[in-house]
Each structure stands twice: as structure tokens, then as C-alpha cells.
S.K.: 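Would you mind keeping the following structure in view while I ask a few things?
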Amino acid sequence: MRKLLVSTTLLLVLAATMRAADVIVESPDGRLSVAIDVSGGRPTYSVSYNGLTMLEPSALGLVTDLADFTRGMTVTGHEARPIDTVYTMRGTKTSEVHYRANELSVDMATPDKHNITVCFRVSNNDVAFRYLIHKKGDHSALKVLQEATSFRLPEKTTTFITPQSDPMIGWKRTKPSYEEVYSSDGRMAVRSQYGRGYTFPALFHVGDDGWVLVSETGTDGRYAGCRLLDYNPETGYSIGLPMEEENNGFGTSTVGMALPALTPWRTITVGRTLAPIAETTVAYDVVEERYAASETYRPGRYTWSWLIWQDNSINYDDQVSFIDLAAAMGYEYCLVDGCWDTNIGRERMAELSRYARSKGVSLLLWYNSNGYWNDALQTPKQKMNTVGERRKEMAWMKSIGIKGIKVDFFGGDKQVTMQLYEDILTDANDFGLQVIFHGCTLPRGWERMFPNFVASEAVLASENVYFTEEAARREAFDLTLHPFCRNAVASMDWGGTIMNTRMSRDNKRRHRRYTTNVFEMAAAVVIQTSVQCIAMQPNNLTELTADELAFLRYVPTQWDETRLIDGYPGRYVVIARRSGERWLIAGLNATDQPLTLTLDVPCDAGQTLTRYADKKEKNGSMKTEVAKVKADKKKRVKVTIQPSGGVILDTER
């Protein structure tokens, strides 16, 4: 359901704030303010919250082959209107959103009368803006050569950002894939690891003044995925287009657009605290559905053999074991990873799908996106990158009851690659397939734009916990960071709540997991995606306690509401999610000391909740302790979270 309300009174108020030097638009509550200034012919904008500067004057504009919209600009007009919209969607942190914002469109012209409009939407904690380039004369297309848009933060700011990698490096030349390590309270004036800038999203701590999260949304095949260039003391962080070498050099790093042309939205989330950052829905607020869902796509959990059992598990018998595991846990899906076409074969895959469906489980199949842009060898290959092969393959999957695909190893952020993402999603919807992407870019509003999109990896994910002890030691840091950055702006396929204590099939060899069982269980709530990997192994059915199994059987993946209770990026997080009437409050501690917190919880005074917590044994090991606790008269519960441990409060069980 959607509604649009326009208030004449509000338009007059907005118009009254327009001065000769700049144009100002405020949020509905008046706390967040954006000022657009075109003095000197160079358009800039600045952002303040509660009167405090969050972004200093930062550049606006594009350089195209048609005109340079960054200098010599004059304001030719402006239009303001309020926006009041209610929308519902599946598969994100909130099922219904009431989006209220004030929109200001500022018209500008170059000296030779080429026209551009910058459209700002300002809600209570979010700013979104984009460019509309108008058609002039016989010109029907243009090329975007550079985007001047920048984000200039106060000098006291520290960063939680991750570098963009060099192209065509890493395993089988598959980077960039948004799989680098994040800074923690880093300095701005530091060169990025590769000198290529940083990927979205980017989180900034503006000292005692608050927090700023910068990202983009609404990107599809009509534009490229962008990044932030290295910090410049005079201009801050500027938008960068893709690198020439991405996709093995195929496709342009510039952007081609038909006129009139709309760019994706640049988004800025601002908060005095971290709650607006973790709870933001701006990535979805300003985009529209590209097509209707061909069917009702089912949320749920999936098992996945490859994470611990690796390549050798992609055979018929081992997949039966993980289908049986999914059935025993009441899970909806089982993911069959790469090389199933050679190791199992298509005829036996049809047989495996029949077996899974007899157990109430549907299969998801892995595919290689690769046509010619990296050296990843896993098959099936050459099936997703051309329309004829892709639709033929999807028709076959539909005929045997496959319900989703995981497509891996993309080549970069160029416009041609964004078009491939869109093509895969659009065709998959025709055949009733949900889609997960790995080795890929950040999704930018895709959960609302493409209703069969589930999630993307685009993070240094759980497979690295298996690969290296270093990543296993860093897991707690990563999962207390991402609710405030990567997972704040888009669904994240982390790749699994790991319940093995050792990273081996027999659960006895290789390096250990450094987090507790309660940490992993709580992570299934903290990580947001509508189809969640619970990376249990068959041996876990006998190794876990009855209470642990019961929780993992009934953990939801579809949420109606999300609230941040407490946290600090990379140190700890406590987040509450509601599914129907049930609230789950999940906390993670990445520090090396026990953390005692008094939590304001969304329940009634005196209500009894089930608490899952870590209890330290005499030998130093951690045991899952389940107890009943009551909220006090102020609706608070006191908890202690152990180092690399977790806590869960459940209002239902």
C-alpha cells in the first residue's frame, strides 16, 4: 500500500528557508538539515544534525561528455514537497515502513544551458540524493566520465571502512569481491590498503557529535557500482567509478545513459547514537519495485555441506546427509555447492531433488557466473552469463523443483556487470527462483527492487573462519561490526552459524572456533537475511544439547521490526528483532572481558523471558545455560556476556 500526501503549509515553510546563497531542507522533525550552496558556480551541500556539523561543504555534480556539471553552475529554480509513504516488503529488517521525508529538487544550469536537477530527500535520520540530467536538443544519450560527489567529514572523525581491492587479484583473479578487513576507529588521513579507495557502506564516528553511515542505493543495469576514493584533506571522500581492469578489462569503466537520465541515490544516515544506523531503511525507502514477484517466495534456513566438508562433499550420498539434517531440524532448504553437475550429474540431481522434496526440503543450486572475466574453474560455468543458456537452465531447474540459486565469482562493478545481476534476477523470477550472490558487489536496494533477491555475500564471510585461524579469531569482531555497516544497508549472506568446535569434518582436527555456542546461536538473529544458513553438521545433532537444538530449530529469519538495544562497532552489539509477537534479543561480545549490561527490552514489566547465556566451567570451557528471567518494573533485564560469547532473550520460549 502506498499513499502520497502533499501539504501546502509545509511547502510554504520550506520555501521560506530558501536564501540567496543556499537552499535549505530539513527533516520532518527539524533536527536534520541539508544546505545546498552554488556560490562561485561550484555546487556543494552540507549536513548538520541538532545544529552540529556532520558533513562540511561537500561537492556535487557530474562530468559527462555532454557537459561539465561541476563548475559555472547557476540555480534556475527549486521545488519542495513532503513525502508520506507506507510500504511493505519481505526479507529485510522491518516488514512495514512508514517513510516520511521532505523532498527538495534544485534545478541548475551550465553556462551553455545544459540542465541538471539535484533531488534531496531528508527524513528524520536519513539523507538521499540523486541527479536528473535533462535532455537538450537532439542529444539523446550521454557518457558519465566522473562523479564529483564527495563526503567531507570533520577532522575529528574516525572510520570503520574497508578497502576496495586491486582488480584481478586474489584466488583465481576473482577480486574485487568486497571481502577485505574493516578498520576500527581508524584515521581518515591514511592511504587505503591498495590505494583504490573504499567500498560502500562506510561508517564514520564524528566524535561526541554522532555517527554517519554513507552508502548508495537504486543501482541496476543503468549505472555502475561506485566506491569512495582515498581521503583528500580538502575534498574528503569522493565518488569513484569502477576501475578499468575490472572484469578482466571487458566493459567500460564509464557509464552510458539515455536522456533524461537518473543516477542512483547517494545515502547518508546520521544519528546522535548508533540506533538510526542499525535501524535505517533508507536503502529501500527511495527505490521502487522493478517487477512483481512471480510467486510467494519462502523465507527459511538452509544447510550447506561445503563450508566444513568442502569440495569432496559434493556427491550424492553426502548431500543426502545434509538433506536429512535439514529435515531433522525443520529447515526449508539445502544448498548444493559447485561441481554438482560433474560429481552428481543432472539426472541424479533430479533424483536428489525428488528425495529432498519427499523430506519437505527444497534444493538451492550453486552456479559460476563466469564467462570470461576470471579464472574460477568450478562448474556449472557459462550458464548464467548469456540469456539463452540462462533461461534454458532455469527452465530445467523449475522442472525438477529447484527453488533458488547461488551465483558466484563476479568480476567487478562496471555497468555491464550490474546489467548481468539484473538479468539474472529478472530471468530467475520468471522461473520462481530466489537468488543469492557470492564473490560479488554490495546489493543496493535490491531486496525491494527485485522481490526474488535474497542476499549477497559482499563481506569477508564465514568460509574464512574455516580457511584460516586468523579469521576464526576475528569472527567476533566482524559480527559485532556489521550490524552498523555492511548488514545495516543490505541483507548479508554470512554463510553460516557454525556449530562445530573444530574446522573439520570429524570435529577433531584443524583450528578451533573461538566463539561460544551461544555466540553462534545469537549470530543467527544478529545477521539479517531472509534465507539464513545454519551451518550445522550431521554430528551436531548428537553433540549439541536439547536446548541448543530447540533454539536452532525455531529461529526465525523473517522480521517485522528491528531495534538496536546497545553496542559499539567491533566491540559488542545487542539487537532486538520481532517476528510476529515474538521478540528475540541477541547480544554478542567481541572483547576479551565479560560484559555486564542492563538492557531496555521490548516486553512488559514483569514479563518472563528465556535466557540463553554462557556459563564458565571449572576447566575454562563454556556451557550453554538456559534460565527464566523477569524484566523489572522499568522493563529492563541485566545480562553478562562472556568474551567471544553471546546472550539471547526470547519472549516466547
Side-chain angles (χ1 to χ4, degrees), residues 2 4 25 27 32 34 36 43 45 47 54-55 58-62 69 79-83 85 87 89 92 97 99-108 116-133 144 147-151 199-203 212-228 237-242 255 257 260-270 276-277 280-290 413 415 418 421-422 441-450 453 456 458 485-486 488-491:
R2 296 191 60 209
L4 181 65
V25 57
S27 58
L32 183 60
V34 178
I36 301 92
Y45 73 103
V47 178
M54 307 305 282
L55 282 180
S58 304
L60 291 169
L62 303 165
F69 295 101
E79 181 180 359
R81 63 168 184 154
I83 293 177
T85 304
Y87 66 90
M89 61 183 298
T92 60
V97 178
Y99 177 60
R100 295 178 63 242
N102 290 328
E103 181 181 275
L104 177 68
S105 297
V106 181
D107 301 321
M108 305 180 195
I116 190 171
T117 298
V118 188
C119 176
F120 281 86
R121 290 186 184 177
V122 183
S123 59
N124 285 348
N125 289 98
D126 297 296
V127 177
F129 65 94
R130 65 178 176 180
Y131 303 100
L132 167 61
I133 307 169
V144 177
E147 185 168 338
T149 305
S150 70
F151 308 88
T199 62
F200 288 119
L203 176 65
V212 174
L213 180 68
V214 174
S215 194
E216 64 180 7
T217 192
T219 308
D220 56 18
R222 293 172 291 186
Y223 211 78
C226 295
R227 59 196 158 106
L228 295 177
Y237 297 94
S238 298
I239 291 284
L241 294 175
V255 175
M257 306 182 78
L262 276 170
T263 69
W265 296 89
R266 309 302 172 212
T267 65
I268 306 159
T269 301
V270 178
I277 304 296
T280 183
T281 57
V282 68
Y284 317 119
D285 295 338
V286 294
V287 301
E288 299 289 341
E289 189 176 82
R290 291 288 187 264
D413 288 333
Q415 186 174 12
M418 293 297 158
Y421 285 116
E422 183 176 357
T441 194
L442 175 77
R444 295 159 165 90
W446 294 354
E447 294 90 331
R448 189 175 183 197
M449 295 162 65
F450 308 111
F453 172 75
S456 292
C485 48
R486 166 64 184 85
V489 300
S491 298

S.K.: Can you label the angle between the Tyr45 ring and the Phe151 ring as parallel, tilted or perpendicular, going by 30° and 60°?
M.R.: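 Ring orientation of Tyr45 relative to Phe151: perpendicular.
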S.K.: Applying side chain to side chain contact (heavy atoms under 4.5 Å, CB included), run through Leu32 and Val127 and close with a yes or a no.
M.R.: CA-CA 9 Å; Leu32 183 60; Val127 177; 3.8 Å; yes
S.K.: When rounded to the nearest 0.5 angstrom, what distance separates OG in Ser150 from CG in Leu60?
M.R.: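 It is 7.5 Å, given to the nearest 0.5 Å.
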S.K.: Do Ser215 and Leu442 touch side chain to side chain, with heavy atoms closer than 4.5 Å?
M.R.: yes
S.K.: Verify side chain to side chain contact (heavy atoms under 4.5 Å, CB included) between Trp265 and Cys119, making sure each step is shown before the conclusion.
M.R.: CA-CA 9 Å; Trp265 296 89; Cys119 176; 4.1 Å; yes
S.K.: We want to know whether Arg266 and Thr263 form a side-chain donor-acceptor pair, criterion being a heavy-atom distance below 3.5 angstrom.
M.R.: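 Absent: no donor and acceptor within the cut-off.
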S.K.: Decide yes or no on side chain to side chain contact (heavy atoms under 4.5 Å, CB included) for Val282 and Thr217, but give the supporting numbers first.
M.R.: CA-CA 8 Å; Val282 68; Thr217 192; 6.0 Å; no
S.K.: Any side-chain heavy-atom pair from Ile116 and Leu62 closer than 4.5 angstrom?
M.R.: yes
S.K.: Hey, are the side chains of Val286 and Phe129 touching, using non-hydrogen atoms and a 4.5 Å cut-off?
M.R.: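 Contact flag for Val286/Phe129 side chains = no.
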S.K.: Counting C-beta onward and ignoring hydrogens, is there a side-chain heavy-atom pair between Ile83 and Tyr99 closer than 4.5 Å?
M.R.: yes
S.K.: Just verifying a value: how many Å separate Glu422 CD and Phe450 CZ, rounded to the nearest 0.5 Å?
M.R.: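 Output value for this atom pair is 4.5 Å.
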S.K.: Nearest 0.5 Å please: distance from the CD1 atom of Ile277 over to the CG atom of Asn125.
M.R.: 8.0 Å
S.K.: Give a yes-or-no answer on whether the side chains of Thr117 and Asp107 include a donor-acceptor pair shorter than 3.5 Å.
M.R.: yes
S.K.: Drop me the distance from Thr219's OG1 to Met418's CE, to the nearest 0.5 angstrom.
M.R.: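 If I round to the nearest 0.5 Å, the distance is 6.5 Å.
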S.K.: Provide the closest heavy-atom pair for Arg121 versus Glu103 in the form atom of the first, atom of the second, distance.
M.R.: NE-OE1, 2.7 Å
S.K.: When you check the gap from the basic side-chain N to the acidic O, do Arg227 and Asp413 get nearer than 4.0 Å?
M.R.: no
S.K.: Just so I know, are the side chains of Thr149 and Ser238 near enough to count as touching, which here means a heavy-atom distance under 4.5 Å?
M.R.: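 Thr149 does not reach Ser238 side chain to side chain.
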S.K.: State, to 0.1 Å, how close Ala59 and Ala148 come at their nearest heavy-atom pair, and which atoms those are.
M.R.: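 Heavy atoms only, the tightest pair is CB-O, 3.4 Å.
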S.K.: Side-chain contact test, heavy atoms from C-beta onward, threshold under 4.5 Å: evaluate it for Pro264 versus Arg444 and give yes or no.
M.R.: no
S.K.: Is it the case that the side chain of Gln415 and the backbone of Gly221 share a donor-acceptor pair, with hydrogens and angles ignored and the cut-off at 3.5 Å?
M.R.: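 Checking the backbone N and O of Gly221 against the side chain of Gln415, a donor-acceptor pair under 3.5 Å is found.
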S.K.: For Thr441 and Ala458, work out which heavy atoms get closest and say how close.
M.R.: O-CB, 3.5 Å
S.K.: For Val287 and Gly445, which heavy atoms make the closest approach, and how far apart are they?
M.R.: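 Smallest heavy-atom distance, with atoms named: CG2-O, 3.9 Å.
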S.K.: Measure the spacing between OG1 of Thr280 and CD1 of Ile268 and express it to the nearest 0.5 Å.
M.R.: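 Nearest 0.5 Å value for the OG1-CD1 distance: 11.5 Å.
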S.K.: Just so I know, are the side chains of Leu132 and Pro260 near enough to count as touching, which here means a heavy-atom distance under 4.5 Å?
M.R.: yes
S.K.: Would you tell me whether Thr92 and Glu447 have side-chain atoms, one donor and one acceptor, within less than 3.5 Å of each other?
M.R.: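 No donor-acceptor contact under 3.5 Å links the two side chains.
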S.K.: Return the minimal non-hydrogen interatomic distance between Cys485 and Leu213, and the atom names on each side.
M.R.: CA-CD1, 4.1 Å
S.K.: Looking at Arg100, I'd like to know if its CZ atom is crowded, meaning that more than 12 non-hydrogen atoms belonging to other residues, nucleotides or ligands lie closer than 6.0 Å.
M.R.: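 Open: at most 12 neighbouring heavy atoms sit under 6.0 Å from CZ of Arg100.
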S.K.: I would like to know whether Leu241 and Cys226 meet side chain to side chain contact (heavy atoms under 4.5 Å, CB included); could you show each step before the answer?
M.R.: CA-CA 5 Å; Leu241 294 175; Cys226 295; 3.8 Å; yes
S.K.: Find the distance between OG (Ser58) and OH (Tyr237) and round it off to the nearest 0.5 Å.
M.R.: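 Ser58 atom OG to Tyr237 atom OH measures 12.0 Å (nearest 0.5 Å).
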S.K.: Just checking, is any N or O donor in the side chain of Glu216 or Tyr223 under 3.5 Å from an acceptor N or O on the other one?
M.R.: no
S.K.: Taking the six-membered ring of Tyr87 as reference, does the NZ or CZ atom of Arg448 fall below 6.0 Å from its centre and within a 45° cone about the axis?
M.R.: yes
